[in-house]
Q: 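Please find one structure pasted underneath; my questions will follow.
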Number of protein chains: 2
Amino acid sequence: MVSTTSSSQSDLLLAIEDQGHRHTETRRLVAEAIEASPESFTAEEICAQLPAVGRATVYRTLKLFLSADVLCKVTLPDGAPRYAIDTGGRHHHHSICTSCGAVSEFRASTVERVLRALEREVEGEITGHRMEIYVRCGKCQSGAAN
Amino acid sequence: MVSTTSSSQSDLLLAIEDQGHRHTETRRLVAEAIEASPESFTAEEICAQLPAVGRATVYRTLKLFLSADVLCKVTLPDGAPRYAIDTGGRHHHHSICTSCGAVSEFRASTVERVLRALEREVEGEITGHRMEIYVRCGKCQSGAAN
DNA sequence: ATGTTTATCGATACAAGGTATCAAAACAGG
DNA sequence: CCTGTTTTGATACCTTGTATCGATAAACAT
Ligand SMILES: [Mn+2]
Ligand SMILES: [Mn+2]
Ligand SMILES: [Zn+2]
Ligand SMILES: [Zn+2]
């Protein structure tokens, strides 16, 4: 049996190493903080948890995770950004609980079908889109608080 | 025949007067600048066109127009906000040309149908949504420039 | 182990897009 | 014209980042 003692390498970290980026202590700390975060989080929350890590570095690292598709950035109704670990590989959208910040991914074939239908309706060639669904999640509906 | 000489009151202005806000010279200037803007514009562009009007006032006035539903705020793929005059009354979404900034409204029944379908798929009660389509518009496709 | 190269880091300044404060000015109605 | 209420501009401040840059740490090869 191959030892797996040191195998609990963060998925986040692995993803950017695969992109050719170096494995550094600072990045490990950021990845750990992210993985310990519930639901979703802000960049500043990570900064606050890691006072020894420079603010610019936190943002740089988040950006690396984003471009490796292991992290996603969502936008609340008021425009405030939040980050969440990205679990789905393929193209998808997000539903965000405006009460607790829980982010779920969904990949509705109907959505993509609508986009194709819109290709006739809107003038010009569609080059991209943005879509987010805001919800009050199950936990928040049952639980009194939040 | 009733005189219409002074009837060219800005629709923008009228809308916020209807909400009970005062008719001021500053607001008229902002409305004029908006109405003279092509396609879509940024808040800072208005500020630059009206150096005599305070920056805070420009933002305040944009906000008034937004809440009166005569202006809409869209988000480019990189997150940069732009404003455009809102012509449709009812709920709608926007397609934005990423090349020239032209904003068109669309109100696809299919989109709303998808949202209702998603109500079963996503956990929790849907409280809102956000959707934008990015295009390269007809003019930008034919015209060499842009 | 040690050097060498290059990526990464933290501190700092800066940027975009707004908002809070507050005294001064402009409205609107009588 | 008076007067109470809104609105305004200046200013400071806030949030979410990004550019710069000298110091540090990885990675790799001796
Ligand atoms: Mn995701
Ligand atoms: Mn609109
Ligand atoms: Zn919730
Ligand atoms: Zn265009």
Q: At 10 degrees resolution, what angle do the end axes of the helix from C/dA1-D/dT30 to C/dG30-D/dC1 form when each is taken over five base pairs?
A: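 Angle reported: 30°, given to the nearest ten degrees.
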Q: Is there a side-chain contact between A/Thr24 and the phosphate of C/dA7, meaning an N or O under 4.0 Å from OP1 or OP2?
A: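 Negative; the distance criterion is not met.
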Q: How many whole angstroms separate atom CD of B/Glu25 from atom P of C/dC27?
A: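 That distance rounds to 7 Å.
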Q: By nearest atom, which of the nucleotides D/dG9, C/dG17, C/dT6 is closest to the B/Thr26 side chain?
A: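 Output: D/dG9.
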Q: So, is A/His21 near the phosphate of C/dT8, with a side-chain N or O under 4.0 Å from OP1 or OP2?
A: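 Indeed, a polar side-chain atom of A/His21 lies that close.
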Q: Evaluate whether atom CZ of B/Arg28 has more than 12 neighbouring non-hydrogen atoms of other residues, nucleotides or ligands under 6.0 angstrom away.
A: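 Correct, the count exceeds 12.
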Q: By the definition side chain to side chain contact (heavy atoms under 4.5 Å, CB included), identify the one residue from B/Leu62, B/Ile34, B/Ile46, B/Thr42 that meets it with B/Tyr83.
A: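 Answer after filtering B/Leu62, B/Ile34, B/Ile46, B/Thr42: B/Leu62.
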Q: Tell me yes or no: between the side chains of A/Ser37 and A/Glu45, is some donor less than 3.5 Å from an acceptor?
A: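 No.
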Q: Per the salt bridge (charged side-chain N to carboxylate O under 4.0 Å, His left out) rule, what does the pair list look like for residues 108-118 of chain A, sequence neighbours excluded?
A: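 Not a single pair qualifies under salt bridge (charged side-chain N to carboxylate O under 4.0 Å, His left out).
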Q: Nearest whole angstrom, please: distance from the P of C/dG17 to the CD1 of B/Ile46.
A: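 For the pair B/Ile46 CD1 and C/dG17 P, the rounded distance is 13 Å.
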Q: Please state how far atom NE2 in B/His23 lies from atom P in C/dG29, giving the value in whole angstrom units.
A: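 Spelled out: NE2 on B/His23 to P on C/dG29 is 13 Å.
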Q: Kindly state which residues belonging to residues 51-66 of chain A come within less than 4.0 angstrom of DNA chain D, counting heavy atoms of the residue only, listed by number.
A: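 By residue number: A/Arg55, A/Ala56, A/Tyr59, A/Arg60, A/Lys63.
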Q: Please list, by residue number, the residues of residues 67-86 of chain A whose heavy atoms come closer than 4.0 Å to an atom of DNA chain D; answer none if no residue qualifies.
A: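 Close to the strand are A/Lys73, A/Pro81, A/Tyr83.
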Q: For residues 63-77 of chain B, which side-chain N or O atoms pair as donor and acceptor with protein atoms under 3.5 Å away, sequence neighbours left out?
A:
from    : atom 1 : to      : atom 2 : distance (Å)
B/Ser67 : OG     : B/Lys63 : O      : 3.4
B/Ser67 : OG     : B/Leu64 : O      : 3.1

Q: What pairs with A/Arg82 under salt bridge (Lys or Arg N to Asp or Glu O under 4.0 Å), at least two apart in sequence or on another chain?
A: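 Here no residue qualifies.
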Q: Donor-acceptor pair, distance only, cut-off 3.5 Å: does the side chain of A/Ser40 make one with the backbone of A/Gly101?
A: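 Present.
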Q: Could you check how far CG of B/Leu29 sits from C1' of D/dT7, rounded to whole Å?
A: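 Nearest whole value for this atom pair: 14 Å.
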Q: Whole-Å distance between D/dT6 P and B/Gln19 CD?
A: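 Result: 16 Å.
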Q: Salt-bridge test for B/Glu125 and A/Arg136: reply yes if a basic N is under 4.0 Å from a carboxylate O, no otherwise.
A: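 Salt bridge: no.
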Q: Counting only side-chain nitrogens and oxygens, does A/Arg27 get under 4.0 Å of the OP1 or OP2 atom of C/dC9?
A: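 A/Arg27 to C/dC9 OP1/OP2: side-chain N or O found under 4.0 Å.
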Q: Looking only at atom types and distance, does a side-chain atom of B/Glu105 sit under 3.5 Å from a main-chain N or O of B/Thr87, one as donor and one as acceptor?
A: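 A pair under 3.5 Å: yes.
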Q: Any donor and acceptor pair, going by atom type alone, linking the side chain of B/Thr127 with main-chain N or O of A/Tyr134 inside 3.5 Å?
A: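 A pair under 3.5 Å: yes.
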Q: Are A/His91 and A/His93 an aromatic pair, judged by ring center distance below 6.0 Å?
A: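 Yes - the distance between ring centres of A/His93 and A/His91 falls below the 6.0 Å cut-off.
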